[in-house]
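What's counted below: heavy atoms across the whole structure, side chains too, no hydrogens, waters or symmetry copies. Note on naming: letters A, B, ... go to the chains in the order of the sequence lines (proteins, then strands), and numbering restarts at 1 for each one. Just so it is clear, the model here is predicted, and its values are computed rather than measured.
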Amino acid sequence: MLKIDNYSLTLKGSNKVSLPVLENISLKVDKGKCLGIAGESGSGKSVLAMSILGLLPKTSIEHISGQIYINDKKITNASEKELNDIRGKEVGFIFQEPMTAMNPLMKLKEQIAEVVYAHKKEINSKDADEAVIKALSRAGFKEPLKFLDSYPHQLSGGMRQRAMIAMALVMNPKLIIADEPTTAIDAELQTEILTELRRQIDNFGLSMLFISHDLGVLRSISDDIAILYCGNLLEKGPANLVLKNPKHPYTADLIAALPRLTLERKLPSPIKGTLPSPNNKPKGCVYSDRCKKAKDICFNTRPPLKEIGNNYFVTCWE
Amino acid sequence: MEEYLLKVENLCKSFVVEKSLKKKILSFFNKERPEAVKALDNISFNIKSGEILGILGESGSGKSTLARTLMGIHKPDSGSAYLLGKNIFTANKTEKLDIYKNMQMVFQDPYGSLDPRMNIRQILSEPLKIHNIIPKEGIDNFLNKSLEEVGLSKDSLDKYPSEFSGGQRQRIGICRALILNPKLIIADEAVSALDVSVQAQILDLLVKLKEKRGISIIFISHDVAVVRQISSRIILLYHGKIVEEIDSDRLLSDAKHEYSRKLINAALTLRESGINR
Ligand SMILES: Nc1ncnc2c1ncn2[C@@H]1O[C@H](COP(=O)(O)OP(=O)(O)OP(=O)(O)O)[C@@H](O)[C@H]1O
Ligand SMILES: Nc1ncnc2c1ncn2[C@@H]1O[C@H](COP(=O)(O)OP(=O)(O)OP(=O)(O)O)[C@@H](O)[C@H]1O
Ligand SMILES: [Mg+2]
Ligand SMILES: [Mg+2]
């Protein structure tokens with residue numbers, strides 16, 4: 001359904017610095033599967049998601065190499081018209097920031113109906129309304145009718161996020177790219193929405209790329225998990241294996257930073273230091289300056305992507 | 001000396017549900033009363049000095065409305081709230097200035113809450129200007145000391161928000177809230193938008209601030225695990241009502257209300273075991 005093949009992307013930063021934000025990324029999402037992507041803020045998750053739909057402003061791109069395919073169609077050199085046909089209809093997109101993606105002057109109903117009209121010009125308003133209400137319920141809206149005429153500022157944070165999910169679902173796309181879709185939603189609703197999305201994956205062959213920093217959420221929804229750091233893929237494999245017995249020290253540190261609900265009440269442990277900026281990456285392994293297990297070779301030479309099991313890859317000298 | 005830092009009594013706030021013109025006319029002829037959402041329904045609680053109070057609740061339960069009403073952004077329908085014995089809602093202009101010097105808010109959105117056209121010096125010195133405060137050691141020295149306290153480097157003053165990451169912006173927001181040395185901070189989903197490692201850093205920072213400065217924090221979130229870790233006592237909101245108040249240590253084992261159990265079990269599933277597939 002989605003194939004990313006050795007994809008690298010360099011953006012133009014201020015003062016003409018080159019920012020290599022993605023390096024040699026290879027990933028794929030099969031029909032009826034969900035790939036979860038985790039990583040710290042600034043690791044390149046959103047840039048990757050935007051690349052898939054050709055949503056990055058052309059003026060900020062310095063260099064692209066590698067390929068992205070949706071249903072065997074090359075996205076990397078598709079025209080704007082081809083991309084417009086794909087967006088919303090074949091591929092649904094849930095944006096990270098609902099407030100910036102929603103029009104503050106449009107009512108909830110109109111925001112979602114707009115997507116319907118864009119792809120089905122001949123549809124009558126009754127059918128469009130019905131599609132909107134159905135999408136809202138699927139996105140976890142308890143009383144969709146009550147909020148149809150509300151403006152974004154009159155909705156709570158979690159309702160705005162559910163509105164974004166409804167927008168992505170309304171055309172029944174075959175692939176959904178979800179960028180942190182449930183950060184503002186409580187656990188009960190999250191469970192409901194994740195269960196519903198998982199049902200669509202299992203029963204209707206929906207494919208999904210699900211970005212989140214919450215590894216608990218990713219375990220619930222994804223078949224495979226990829227860990228991104230500093231524009232590099234550090235670990236990629238079956239979700240249960242990666243989470244139970246992480247092979248990369250970074251994955252282990254991410255898991256330790258997750259607030260837990262175990263009996264003992266203890267603050268999670270933050271990862272020391274900060275993510276290096278894309279134009280200032282360490283010479284060896286990109287995680288070497290923060291890694292508790294780093295040895296000499298880690299500081300000097302980039303480790304290659306190693307296959308360590310069936311469909312399981314790690315980038316580490318260990 | 002007052003026993004409580006903040007005391008909230010019988011606070012109520014409802015919103016009228018937006019309707020299309022057609023529905024408005026119809027309900028006028030049918031003599032229906034406008035439909036309302038009771039966002040806060042008779043809320044009473046208090047918080048002591050140096051305490052972190054957690055507020056938990058599902059989406060739409062009224063958490064942000066509570067924060068915004070206390071901060072004077074919404075007008076309450078009824079009820080009262082006292083900070084150090086002064087009623088927030090009936091205070092006059094000068095009294096309000098003093099109240100909000102002691103009570104500051106940290107917002108959810110690290111992207112939208114800082115003006116992108118102002119540099120960090122301007123952002124941080126705005127509250128000082130409003131309150132006519134001139135630090136004796138000079139503005140820059142004072143601001144740099146404050147930045148250091150929240151873990152930001154000294155060369156930050158001339159930079160703009162866009163040059164910082166989400167976690168750094170949240171630190172700037174916390175720094176701005178701390179500038180006037182308040183006694184109470186209301187943090188509404190202050191870490192929800194941050195990745196787990198930055199989230200852990202900010203939680204660590206808030207606990208240190210409590211210990212060092214003795215400030216109180218109202219920590220609002222929908223994340224059961226985060227609220228349980230950081231606060232000593234927790235209030236659970238449901239449809240604008242307080243349904244349970246409990247010590248964090250006893251939350252998992254002793255929470256009684258049906259709704260609290262549901263929220264806790266859902267969080268346990270999601271964090272610790274994964275949904276059934
Ligand atoms: N339009 C742009 N121009 C230049 N640099 C950019 C642009 N968009 C993003 N970047 C840079 O690319 C890197 C990756 O950013 P990205 O937004 O993909 O991170 P992310 O993993 O989604 O983080 P978060 O969890 O905070 O959303 C960052 O260093 C960021 O500063
Ligand atoms: N300005 C407003 N106008 C009309 N209704 C509003 C307004 N602000 C909030 N509401 C309504 O009040 C209720 C409570 O909203 P509030 O934002 O306080 O919830 P919350 O607990 O913060 O939820 P979330 O976790 O999703 O942020 C919701 O039904 C919301 O639609
Ligand atoms: Mg992002
Ligand atoms: Mg809220």
Side-chain angles (χ1 to χ4, degrees), chain A residues 14 38-43 97 99-100 107 109 142 146-151 154-159 161-162 180 183-192 194-195 198 202 213-217 219-221 240 253-254 256-263 265-271 274-275, chain B residues 15 17-20 23 35 37 56-65 108-109 111-112 163 165-168 189 192-204 207 222-226 228-230 248-249 252-253 262-277:
Chain A
S14 51
E40 248 167 289
S41 183
S43 55
E97 284 155 50
M99 248 342 212
T100 43
K107 294 175 173 180
K109 182 172 77 181
K142 290 279 139 52
K146 198 164 167 185
F147 294 100
L148 285 180
D149 293 306
S150 297
Y151 292 94
Q154 294 169 322
L155 301 171
S156 77
M159 288 178 195
Q161 214 164 39
R162 279 174 272 159
E180 309 266 13
T183 44
I185 301 178
D186 61 87
E188 203 189 329
L189 250 176
Q190 270 192 57
T191 314
E192 259 173 52
L194 295 177
T195 308
R198 193 62 228 183
D202 292 332
H213 62 262
D214 188 331
L215 294 167
V217 168
R219 172 183 44 204
S220 284
I221 187 92
N240 52 346
D253 290 347
L254 263 190
L258 192 67
R260 301 294 299 269
L261 273 167
T262 40
L263 278 183
R265 218 155 63 76
K266 190 175 91 199
L267 282 172
S269 23
I271 304 176
T274 51
L275 183 89
Chain B
F15 294 105
V17 174
E18 189 76 27
K19 281 186 181 165
S20 61
K23 279 195 219 153
E35 211 178 331
V37 176
L56 254 181
E58 64 177 7
S59 175
S61 57
K63 304 182 297 296
S64 297
T65 306
Q108 161 163 15
D109 182 5
Y111 299 91
E163 296 172 67
S165 73
Q168 289 172 326
E189 306 276 9
S192 310
L194 304 173
D195 74 74
V196 283
S197 68
V198 181
Q199 198 174 36
Q201 290 170 5
I202 299 287
L203 293 177
D204 195 56
V207 170
H222 63 270
D223 189 329
V224 180
V226 169
R228 189 180 80 115
Q229 305 294 13
I230 191 165
S248 303
D249 284 325
L252 294 189
S253 51
K262 250 167 103 176
L263 201 65
I264 292 166
N265 288 337
L268 276 169
T269 309
L270 213 54
R271 230 357 98 70
E272 302 299 336
S273 57
I275 58 174
N276 265 335
R277 331 213 289 230

Margin query: Taking every non-hydrogen pair under 4.5 Å, which of Gly216(A), Ala187(A), Gly158(A), Pro259(A) racks up the most with chain B?
Written below: Pro259(A)
So, for [X] and [Y], which heavy atoms are closest and what is the spacing to 0.1 Å?
{"X": "Gln201(B)", "Y": "Ile271(A)", "answer": "NE2-O, 3.5 Å"}
{"X": "His222(B)", "Y": "Ile185(A)", "answer": "CD2-O, 3.0 Å"}
{"X": "Ala257(A)", "Y": "Ala200(B)", "answer": "O-CB, 4.3 Å"}
{"X": "Gly60(B)", "Y": "Ser156(A)", "answer": "N-OG, 3.6 Å"}

Can you say whether [X] sits under 4.5 Å from chain A via the side chain, the backbone, both, or neither, judging by heavy atoms?
{"X": "Leu252(B)", "result": "side chain"}
{"X": "Ser192(B)", "result": "both"}
{"X": "Glu272(B)", "result": "both"}
{"X": "Asn265(B)", "result": "neither"}
{"X": "Gln168(B)", "result": "neither"}
{"X": "Ser61(B)", "result": "neither"}

Check: Is any side-chain heavy atom of Ser197(B) less than 4.5 Å from a side-chain heavy atom of His213(A)?
Finding: no
Checklist line | Side-chain touch Leu270(B)/Leu194(A), heavy atoms, less than 4.5 angstrom | finding: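 Yes; the side chains approach each other to less than 4.5 Å.
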I need the [X] [atom1] to [Y] [atom2] distance, nearest 0.5 Å.
{"X": "Gln161(A)", "Y": "Ser59(B)", "atom1": "CD", "atom2": "OG", "answer": "9.0 Å"}
{"X": "Asp223(B)", "Y": "Leu261(A)", "atom1": "CG", "atom2": "CG", "answer": "7.5 Å"}
{"X": "Glu58(B)", "Y": "Gln190(A)", "atom1": "CD", "atom2": "CD", "answer": "13.0 Å"}
{"X": "Glu40(A)", "Y": "Gln199(B)", "atom1": "CD", "atom2": "CD", "answer": "12.0 Å"}
{"X": "Asp195(B)", "Y": "Asp214(A)", "atom1": "CG", "atom2": "CG", "answer": "11.0 Å"}
{"X": "Ile264(B)", "Y": "Glu188(A)", "atom1": "CD1", "atom2": "CD", "answer": "11.5 Å"}

Checklist line | Closest-packed option against chain A by number of heavy-atom pairs under 4.5 Å, given Val224(B), Asp249(B), Val207(B) | finding: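 That would be Asp249(B).
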Margin query: Please classify the contact between Ser269(A) and chain B as side chain, backbone, both or neither, with a heavy-atom cut-off of under 4.5 Å.
Written below: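 Contact with chain B: backbone only.
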Note to self: Does any backbone or side-chain atom of Leu189(A) lie under 4.5 Å from a heavy atom of chain B? Answer side chain, backbone, both or neither.
What the structure shows: side chain
